[in-house]
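In each ligand, atom 1 is the first atom listed, and ligand 1 is the first ligand listed. Computed from heavy atoms alone, side chains included, the values below leave out hydrogens, waters and symmetry copies. Numbers here are sequence positions counted from 1. In this text, all values refer to a predicted model and were calculated from it rather than measured experimentally.
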Amino acid sequence: MTGKFKIATTSLAGCFGCHMSLLDIDERILEVADVFEFDRSPLTDFEHCGSCDVGLIEGGVCNSENVHVLREFRKHCKILVSVGACAINGGLPSLRNFIPLEDCLKEVYLDGIGVENPQIPSDPELPLLLEQVRPIHEVVKVDYFLPGCPPSADVFWKFLSDVTAGREPALPYELVHYD
Ligand code: SF4
């Protein structure tokens, strides 16, 4: 036991841009490393999420594996945070919600320009796509939302600083944006 806050992060139907913005805190990441210990994250090699203080979720929910991972994070993280537009409202990937899933698959795998050997992938190891991309709060309870596409590095910094100081996390108006 190191006494550090444990933090886990994941990207569901995200683009990793929110993770890049987290890393954009630049040299302040050293201060984060002093206070936080990373559990499951694209930045580490852990396959499963252990007991954590904070879970940061990037991306909405677009397939069965996303649902599974999200539930694992909710089960193990005291504070679960919806990070970025995709997690908060489905984001740009949810534009596919206006087109039937079957039509999307046909366009990409059967009728798309340059497609050879057309077939829709059906290997049982592949996660099943959901009919629609959904925000994460429709699947699990969310404690905080960090808006932006992506949220700025200063948003991550303010949020994590509040958590480590034992303050109720709050974002000043000038840090809040949705683009
Ligand atoms: S919110 Fe924006 S930056 Fe974050 S995962 Fe979605 S598209 Fe990428």
Taking only non-hydrogen atoms of Glu58 and a 4.0 Å limit, the atoms of ligand 1 in range are 5 (S)
Out of Pro151, Pro150, Gly90, Ala85, who is nearest to atom 1 (S) of ligand 1 when you count heavy atoms only?
Ala85
Would you confirm whether Thr164, through its side chain, and Leu160, through its main-chain N or O, come within 3.5 Å as a donor-acceptor pair?
yes
Can you list the steps and then say if Val83 with Ile57 is a side chain to side chain contact (heavy atoms under 4.5 Å, CB included)?
CA-CA 6 Å; Val83 175; Ile57 310 286; 5.8 Å; no
Give me the nearest non-hydrogen protein atom to atom 8 (Fe) of ligand 1 as residue plus atom name, then the distance to 0.1 Å.
Cys15 SG, 2.2 Å
Confirm or rule out an N/O/S atom of Cys149, from backbone or side chain, lying less than 2.8 Å from atom 2 (Fe) of ligand 1.
yes
Got a donor-acceptor contact below 3.5 angstrom from the Arg71 side chain to the Val140 backbone?
no
Less than 3.5 Å apart, any donor N or O on the side chain of Ser11 or His19 sitting next to an acceptor on the other?
no
Could you identify the single nearest non-hydrogen protein atom to atom 6 (Fe) of ligand 1 and state the distance to 0.1 Å?
Cys86 SG, 2.3 Å
With a cut-off of 4.0 Å, which atoms of ligand 1 are near a heavy atom of Cys18?
1 (S), 3 (S), 4 (Fe), 5 (S)
Verdict with reasoning, His137 to Phe145, per side chain to side chain contact (heavy atoms under 4.5 Å, CB included)
CA-CA 10 Å; His137 67 263; Phe145 298 83; 4.0 Å; yes
